[in-house]
Colleague: 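Quick one: this structure, given as structure tokens, is what I'll be asking you about.
Scope of the values below: all heavy atoms of this structure, side chains included, with no hydrogens, waters or symmetry mates.
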Amino acid sequence: AVRIKSILRKAAEAGLEPSLEALDVHHEAEIALALELASFPEAIASAYDKRAPHILCDFAYGLAQAFSRFYTEHPILKETEEDVRHARLALAALTLRQLETTLGLLGMNVPERM
């Protein structure tokens, strides 16, 4: 989550805005990240229904792994195609929002910097 904050901070300094308009998830790592993001409501509901906070821990860990793989395989700020860069920034922003929400529910705060 801290890495994503750094990416988004650098993007803002460069005047770059996230946008899902050009999102094109054909790459395996992008699909995996999108699927993790889509499972967020189910993870929240399951943790609540079962009164099992470890489900949120598992979700956060899986989401962080999916983002790390995505980030390793696909540049964000170095991407040369502007639409793709904006879409990847949007995926990063959504990932950060879900990680912060999940960790917040578990009583943890995400620092701004390491």
Side-chain angles (χ1 to χ4, degrees):
V2 175
R3 176 182 291 157
I4 298 170
K5 284 184 176 190
S6 174
I7 293 167
L8 295 175
R9 199 170 32 253
K10 289 176 184 175
E13 290 169 2
L16 302 173
E17 292 290 326
S19 172
L20 287 174
E21 288 181 28
L23 185 61
D24 188 17
V25 288
H26 291 292
H27 301 287
E28 188 178 325
E30 290 173 325
I31 293 168
L33 179 57
L35 289 173
E36 274 300 319
L37 290 166
S39 71
F40 181 62
E42 182 182 331
I44 298 289
S46 182
Y48 176 80
D49 291 342
K50 296 176 182 177
R51 290 170 182 45
H54 73 277
I55 293 171
L56 295 178
C57 296
D58 290 342
F59 172 77
Y61 184 70
L63 181 57
Q65 283 183 314
F67 181 81
S68 182
R69 180 172 174 223
F70 162 75
Y71 181 69
T72 299
E73 294 180 15
H74 303 288
I76 296 177
L77 297 177
K78 294 179 182 179
E79 173 58 49
T80 57
E81 291 185 44
E82 188 175 340
D83 289 346
V84 174
R85 184 173 51 234
H86 291 292
R88 289 181 181 166
L89 282 170
L91 280 174
L94 184 54
T95 300
L96 176 61
R97 187 176 334 152
Q98 287 189 7
L99 283 173
E100 286 182 319
T101 299
T102 303
L103 294 174
L105 290 170
L106 293 167
M108 295 180 240
N109 295 319
V110 177
E112 289 301 313
R113 297 176 190 268
M114 289 302 275

Colleague: Answer yes or no: are there more than 12 heavy-atom neighbours, outside Asn109 itself, under 6.0 Å from its atom CG?
Modeller: no
Colleague: To the nearest 0.5 Å, tell me how far Leu105 CG sits from Leu56 CG.
Modeller: 6.0 Å
Colleague: Checking side chain to side chain contact (heavy atoms under 4.5 Å, CB included) for the pair Ile44/Ile55: CA distance, chi angles, key distance, verdict?
Modeller: CA-CA 8 Å; Ile44 298 289; Ile55 293 171; over 6 Å; no
Colleague: Can you measure from CZ (Phe59) to CG (Leu106) and round to the nearest 0.5 angstrom?
Modeller: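 Going from the CZ atom of Phe59 to the CG atom of Leu106 covers 11.0 Å.
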Colleague: Just so I know, are the side chains of Leu96 and Ile7 near enough to count as touching, which here means a heavy-atom distance under 4.5 Å?
Modeller: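 No. Closest side-chain heavy atoms not under 4.5 Å.
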Colleague: Please name the pair of heavy atoms, one in Ala60 and one in Leu103, separated by the smallest distance, quoted to 0.1 Å.
Modeller: CB-CD2, 4.4 Å
Colleague: Leu91 versus Ile76: any side-chain heavy-atom pair under 4.5 Å?
Modeller: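 SC-SC contact between Leu91 and Ile76 ruled out.
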Colleague: Could you grab the distance from atom CE of Met108 to atom SG of Cys57, nearest 0.5 Å is fine?
Modeller: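 Answer for the CE-SG pair, Met108 versus Cys57, is 5.5 Å.
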Colleague: Quick one: pull up OG1 in Thr95 and CZ in Arg3 and give me the separation to the nearest 0.5 Å.
Modeller: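 With rounding to 0.5 Å, OG1 (Thr95) is 12.5 Å from CZ (Arg3).
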Colleague: Can a donor-acceptor pair be found, under 3.5 Å and without considering hydrogens, that links the side chain of Thr102 to the backbone of Gln98?
Modeller: yes
Colleague: Identify the heavy atoms of Arg85 and Leu77 that sit nearest to each other, and give their distance.
Modeller: CD-O, 3.8 Å
Colleague: Could you list the residues that satisfy side-chain contact (heavy atoms from CB on, under 4.5 Å) with Pro75, not counting sequence neighbours?
Modeller: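 For Pro75 the side-chain contact (heavy atoms from CB on, under 4.5 Å) partners, ignoring immediate neighbours, are Lys78, Glu79, Arg88.
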Colleague: First locate atom CD of Glu36, then atom CG of Leu94, and finally report the distance between them rounded to the nearest 0.5 Å.
Modeller: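 Between Glu36 CD and Leu94 CG, I get 12.0 Å after rounding to 0.5 Å.
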Colleague: Report, one line per pair, each donor and acceptor closer than 3.5 Å where one atom sits in a side chain of residues 61-69; sequence neighbours left out.
Modeller:
| from | atom 1 | to | atom 2 | distance (Å) |
| --- | --- | --- | --- | --- |
| Tyr61 | OH | Gln65 | NE2 | 3.2 |
| Arg69 | NE | Glu73 | OE2 | 3.0 |
| Arg69 | NH2 | Glu28 | OE2 | 2.9 |

Colleague: Near Tyr71 OH, under 6.0 Å, is it more than 12 heavy atoms from other residues, nucleotides or ligands?
Modeller: no
Colleague: Once you round to the nearest 0.5 Å, how far does CZ of Phe40 lie from CG of Leu99?
Modeller: 9.0 Å
